[in-house]
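Throughout, protein chains are lettered first and strands after them, A, B, ... in sequence-line order, and every chain is numbered starting at 1. Worth saying up front: this structure is predicted, and the values here are computed from it rather than measured.
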Amino acid sequence: MKQLTALQQQARRSNSFRSASLPLDTSVDGAIKSPATIFWLVLHGLCCLISLVLGFRFSRLVFFLFFSTSSPSATTNLYSALHTRLPSSITTSPPAVNGTAVAVDGGSRVVVGRHGILIRPWPHPDPAEVMKAHHIIERVQREQRIQYGVKSPRTVIAITPTYVRTFQTLHLTGVMHSLMNVPYDVVWIVVEAGGTTNETAALISKSGLKTVHIGFNARMPILWEDRHKMESQMRFHALRYVREKKLDGIVVFADESNMHSMELFDEIQNVEWIGAVPVGILPHSGGSEGVELSAVSREDTDKNENSEMPVQGPACNSSNQLVGWHTFNMLPFMKRRARYVGDRAVVLPRKLEWAGFILNSRLVWKDVEDKPAWVKDLDMVGREGEDIESPMSLLENPSVVEPLGSCGRKIMLWWLRVEARADSKFPARWIIDPPLDVTVPAKHTPWPDAPPELPTPVVKVISIPENTEKRVAKRSRKRSS
Amino acid sequence: MGSLERSKKKVQLWKKAIVHFLLCFVMGFFTGFAPTDKSSIFSNGVAISNHQLGFSPQPVAVINPVKGQNFTTSELEETAISTTTKESLNLKKPNGGELNPRRLVIIVTPTSKMDRLRGVLLRRLANTLKLVAQPLLWIIVEQFSDSAEVSEILRNTGIMYRHVVFKENFTDIHAEMDHQRNLALKHIEHHRLSGIVHFASLSNVYDLSFFQEIRAIEAFGTWPIAKLYANKKKVIIQGPVCDSSEVIGWHLKKIENTTDTTALPIHISSFAFNSSILWDPERWGRTSSAQRTSQNVLKFVKKEVLEEDTKLKGIPQEGCSKVLLWNLHIFKP
Amino acid sequence: MKKWVSAMLFYFAFCVRIEAFKFHKTQQTERISGSAGDVLEDDPVGRLKVFVYELPSKYNKKILQKDPRCLTHMFAAEIYMHRFLLSSPVRTLNPEEADWFYTPVYTTCDLTPNGLPLPFKSPRMMRSAIQLISSNWPYWNRTEGADHFFIVPHDFGACFHYQEEKAIERGILTLLQRATLVQTFGQRNHVCLKDGSITIPPYAPPQKMQTHLIPPSTPRSIFVYFRGLFYDVGNDPEGGYYARGARASVWENFKNNPLFDISTEHPTTYYEDMQRAVFCLCPLGWAPWSPRLVEAVIFGCIPVIIADDIVLPFADAIPWEDIGVFVAEKDVPKLDTILTSIPIEEILRKQRLLANPSMKQAMLFPQPDQSRDAFHQILNGLARKLPHDTSVYLKPGNKILNWTAGPVGDLKPW
């Protein structure tokens with residue numbers, strides 16, 4: 001109905017023929033009162049309207065055909081022509097006429113009115129295009145590094161002490177992934193207690209980095225205190241390698257227990273001889289007591305973004321000069337400190353962790369002319385099992401340490417020691433052999449023979465080493481079916 | 001008036017009527033051409049065009065993308081399609097061969113501010129994900145907060161991610177995690193993202209080959225996961241038991257007196273699935289209604305994993321015999 | 001009847017010819033590359049003098065007092081430009097030596113409760129202001145506005161309405177036909193944009209953007225970014241009018257593309273996210289322009305401009321073709337193909353150009369003003385129109401403007 005009135009209006013507005021037809025109607029005025037005539041009149045008007053509508057419709061068709069033949073090359077434009085051709089004002093002003101001309105060529109014409117919502121029919125997203133986009137992003141990021149990153153970066157020499165145990169893969173993988181993300185040259189020196197193993201070698205070879213795998217001829221002790229000492233010696237061992245091979249670059253002590261923000265590797269490029277970065281300490285007891293971090297309060301009252309987290313590292317005055325050290329306040333933990341690996345208590349860091357120090361590798365070289373006078377020779381330190389608390393032992397004067405990380409305010413490195421109990425066992429290289437036994441059958445598994453008897457409810461999932469033989473037997477039976 | 005005259009008049013009347021009809025037809029014909037008044041487009045003009053030209057009035061309801069060309073007559077649709085596909089083919093050709101397309105991996109990571117190690121673990125996981133071959137989309141969910149900690153960590157990773165934020169408060173961390181995962185799934189469903197979805201908890205550590213393996217999943221995939229506990233002797237390996245890549249059973253802790261598979265403690269990180277199950281369940285022989293009614297998308301997915309053994313692929317392919325994923329338990333065992 | 005038909009046919013044929021002609025012309029026109037920066041560096045001081053009319057505060061200050069939201073709205077340029085001119089060295093207190101006359105009238109500061117500009121009264125206010133200056137000073141009648149400029153930052157400029165003929169009915173366009181309009185609206189072949197208008201960027205809060213700046217080294221990890229409406233269900237329930245269907249098309253085609261980070265939800269990290277995106281979509285909405293243009297330039301995200309025949313801000317000074325990507329509305333379904341096939345060198349070049357601070361500066365209206373900012377670019381644009389052609393000065397008694405056009409209600413003084 002709305003439509004009809006619209007048409008009537010339209011017709012009335014622009015039509016002069018209409019008035020001509022009126023006398024015709026009035027000519028039958030003699031019978032105008034009779035209902036039949038009125039009916040005919042109405043029918044007449046209705047037919048008029050129908051033909052109007054038909055004409056309108058037909059014109060669209062003609063319009064379409066007309067322009068499709070006139071521009072056969074631009075088939076796509078037809079599409080837009082139909083879509084965009086709800087034309088607008090022609091009546092009011094000349095500029096409006098200009099602005100609203102019909103979009104016939106589909107070029108750069110803009111038309112007011114209703115438009116189609118174009119939805120493409122081909123499948124998407126195109127995987128090849130996705131790859132191309134990722135290439136673009138990668139190039140953009142590389143360009144950003146070139147433009148805003150470190151100019152002429154030095155090689156990063158990472159030193160990591162390790163040994164084979166349950167948590168080794170987990171820890172070493174984490175550190176490895178950090179190092180793999182470093183956008184500079186990396187040499188990764190892995191020192192393994194108890195001599196090199198294939199287990200470790202297989203793991204670190206996945207990094208694709210330049211790796212140096214050195215064995216250290218001693219078993220890792222079980223007491224934390226001894227382990228710390230031994231790790232220092234292992235790091236020294238690696239430093240000696242750096243010295244021998246004259247590796248040039250920046251030495252970082254990437255411990256297995258560390259977690260890194262990638263900014264760290266940019267920041268360390270600023271070091272001249274020896275630098276120190278703050279280390280966030282994440283103490284935990286591994287137990288169920290919920291005391292861990294809340295009980296820890298920091299020694300200093302410096303404003304820090306992670307004020308609850310204890311931080312170890314350089315302390316500066318307002319003019320950004322090194323004035324001292326933030327150390328981890330161990331007092332609240334002394335009674336609950338872990339003594340051996342697997343002890344259910346808080347594993348404490350050393351006073352200053354090695355990981356917080358960064359060295360210029362030339363510092364440990366033998367004969368370098370521009371080597372500063374304040375550094376001790378590597379051979380003079382750490383002999384005879386002497387405990388080397390931190391790289392500070394290399395220095396005659398600790399004030400030469402350069403504070404990095406916005407002078408100890410920006411934490412880019414975290415320390416978290418987690419280990420299983422020392423007697424924990426795990427499948428070699430994490431290859432499950434023999435296979436696990438089935439505690440729950442698969443729903444649709446076609447087992448033609450008698451379905452395997454469900455083991456009586458297993459209270460605890462069996463850990464691997466204990467059940468080896470039993471499972472072999474069971475499993476082989478199932479396989480044969 | 002004589003009858004002759006009368007009939008004459010009748011003929012005349014008919015003639016005139018026909019002339020009128022013709023006139024109206026011609027008029028209609030040209031109104032079709034003439035640019036109509038614009039105000040009429042906004043008011044009644046729409047009605048005209050809609051009804052007379054058979055335009056569909058609902059542009060939003062595009063269900064089938066192939067037939068989604070609204071506002072067109074059928075023959076036009078065809079022309080449009082044929083031309084556009086041709087163009088797309090032309091555009092594709094020159095570069096198609098160079099790049100090796102890979103399937104999208106969608107990693108979903110819920111983060112709770114109750115987790116004190118969130119920031120640190122997020123960075124560690126990011127370092128891993130950054131090494132995964134593209135394309136990868138990381139969906140991180142977080143409760144709305146004034147702290148920009150998570151956003152800041154994320155934006156420095158260079159990984160393509162979506163940061164989903166919600167307002168609800170939770171006291172139970174498990175409920176929160178599930179809520180977050182559901183939100184991520186809703187995001188995937190809303191956007192109809194197509195890829196392999198995996199829930200990566202912050203306490204997970206991955207071997208990089210893991211991500212290569214899960215790309216091969218067609219519908220569902222599962223693998224053994226190793227749970228490591230701080231200061232404990234036990235190491236729990238749980239997951240599927242396979243014959244090559246066929247899952248023949250599960251090595252799971254069974255809960256007593258239940259036959260409900262959804263109650264099985266399958267670890268949230270020990271499976272992955274094709275995201276199209278979320279937004280195109282019919283393709284997987286599921287009724288969409290069943291899924292729509294359940295608000296808990298996550299539950300639905302978990303159930304699917306355990307029931308769809310036939311479409312379930314064990315990873316790695318060599319009998320699910322290698323652990324590629326470790327889950328670290330530091331605090332409560 | 002035949003005549004009519006042939007006239008129609010002729011008319012259409014003529015349109016086609018004109019189209020073709022214009023199309024080729026725009027294709028051939030090439031921007032003088034490299035000179036853009038120089039134009040942006042121009043200092044307008046000394047090149048023009050502006051006289052600011054003293055209007056009753058009901059035309060400006062009172063309106064602002066009623067709704068302080070106008071200060072932060074996209075249309076705030078009209079307010080800040082007024083403030084800027086009052087203290088600018090180009091201002092002259094002697095109208096006799098002025099090159100340009102400025103009428104400080106805040107026509108767009110009329111917001112609905114939810115902050116939408118629906119300035120139904122604007123034409124009346126504008127007309128009243130013109131009437132006022134033409135009766136109180138001799139300068140308007142001298143040229144009938146040819147040396148006057150107005151800031152009209154509404155969506156549709158001095159139309160104040162998205163429907164052209166509504167604007168034409170109000171008769172305000174005829175009154176302003178000789179004046180220079182400074183407006184955000186830019187659409188070629190549209191009655192609301194006449195030749196010689198200066199297209200300016202919309203107002204975006206400079207301080208707020210400043211606080212959200214992140215280091216340029218932050219890796220860009222979003223391929224395409226967009227936040228905003230795809231369908232305007234409230235005003236366009238049927239769809240297809242809003243954004244000429246382009247935004248809806250973006251959503252329908254690319255919602256499932258992981259490369260397209262598109263959504264209707266505005267996150268708190270909106271500005272930061274733009275800074276880590278390679279491409280930012282700037283599709284038309286009801287009007288062809290949007291604040292995203294400004295945001296993209298400020299945040300170094302390559303703007304993907306989807307608005308056929310758009311006239312961009314300071315297009316004579318900013319090399320939009322070099323910094324942005326133009327996609328025709330009908331090509332939206334091919335957006336992914338278009339963007340991924342841009343050579344990487346070109347993308348990097350666009351990013352380097354976008355890093356140019358003078359481009360960013362020209363997009364902003366900072367408080368207080370800074371050299372090379374958008375205020376100065378407006379003045380530069382006005383200065384480039386000088387000297388006025390002698391023909392603009394009317395002979396005494398010569399009248400062009402039709403003051404009586406428009407509804408009776410609009411003829412009453414404000």
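- Heavy-atom pairs under 4.5 Å with chain B peak, among A/S261, A/G174, A/P125, at A/S261.
- Contact record, B/N127 with A/S178: ND2-OG, 3.2 Å, taken as the closest heavy-atom pair.
- Distance NE2/B/H251 to CD1/A/I432: 9.0 Å, rounded to 0.5 Å.
- With a threshold of 4.5 angstrom between heavy atoms, B/P224 approaches chain A through side-chain atoms but not through N, CA, C or O.
- Taking the side chain as every heavy atom from C-beta outward, B/I237 and A/P427 approach each other to under 4.5 Å.
- Counting heavy atoms from C-beta on, the side chains of A/K425 and B/V235 never come closer than 4.5 Å.
- With contacts defined as side-chain heavy-atom distances shorter than 4.5 Å, the pair A/L436/B/Q238 does not qualify.
- Per-residue heavy-atom pair counts under 4.5 Å with chain B were compared for A/T173, A/V418, A/N181, and the maximum is reached by A/N181.
- Interface residue B/V323: backbone and side-chain heavy atoms are both found under 4.5 Å from chain A.
- Residue contact with chain B, scored on non-hydrogen atoms closer than 4.5 Å, is absent for A/R417.
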| task | Apply side-chain contact (heavy atoms from CB on, under 4.5 Å) to the pair B/D207 and A/K206, showing each step before the final yes or no. | result | CA-CA 9 Å; B/D207 189 300; A/K206 285 183 196 163; 2.5 Å; yes
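- You'll find the side chain of B/R123 reaches within 4.5 Å of the side chain of A/W414, heavy atoms only.
- Using modelled atom types, one finds a donor on one side chain and an acceptor on the other under 3.5 Å when comparing B/T128 with A/H177.
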| request: Before giving the answer on side-chain contact (heavy atoms from CB on, under 4.5 Å), spell out for B/N231 and A/D343 the whole-Å C-alpha distance, their side-chain angles and the decisive distance to 0.1 Å. | output: CA-CA 6 Å; B/N231 301 335; A/D343 188 4; over 6 Å; no
| field | Worked verdict on A/F167 versus B/L228 for side-chain contact (heavy atoms from CB on, under 4.5 Å) | value | CA-CA 8 Å; A/F167 270 66; B/L228 273 58; 3.6 Å; yes
| query | Hey, mind stepping through A/L416 and B/V120 against side-chain contact (heavy atoms from CB on, under 4.5 Å) and telling me if it holds? | reply | CA-CA 10 Å; A/L416 171 71; B/V120 187; over 6 Å; no
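- Counting heavy atoms from C-beta outward, B/Q134 and A/I137 have side chains that stay 4.5 Å or more apart.
- What you find for A/H134 and B/P135 is that their closest heavy atoms are NE2-CB, 3.4 Å.
- Here A/H260 contributes atom NE2 and B/R124 contributes atom CZ; the two are 12.0 Å apart, rounded to the nearest 0.5 Å.
- For the side chain to side chain donor-acceptor pair (under 3.5 Å) test, residues two or more places apart in sequence or in another chain that qualify with A/T169 are A/W430.
- Put simply, the side chain of A/M262 does not reach to within 4.5 Å of the side chain of B/K130, judged on heavy atoms.
- Here the side chains of A/D437 and B/V241 are not in contact, with every heavy-atom distance at 4.5 Å or above.
- Of the residues considered (B/L208, B/N156, B/L324), B/L208 shows the highest number of contacts with chain A, using heavy-atom pairs under 4.5 Å.
- Neither the backbone nor the side chain of B/R103 comes within contact range of chain A, judged by heavy atoms closer than 4.5 Å.
- A donor-acceptor pair under 3.5 Å is absent between the side-chain atoms of A/E419 and the main chain of B/A230, judged by distance alone.
- Side-chain atoms of A/D433 and B/S321, non-hydrogen and from C-beta on, never get closer than 4.5 Å to each other.
- The NZ atom of B/K232 sits 10.0 Å away from the CZ atom of A/R421 when rounded to the nearest 0.5 Å.
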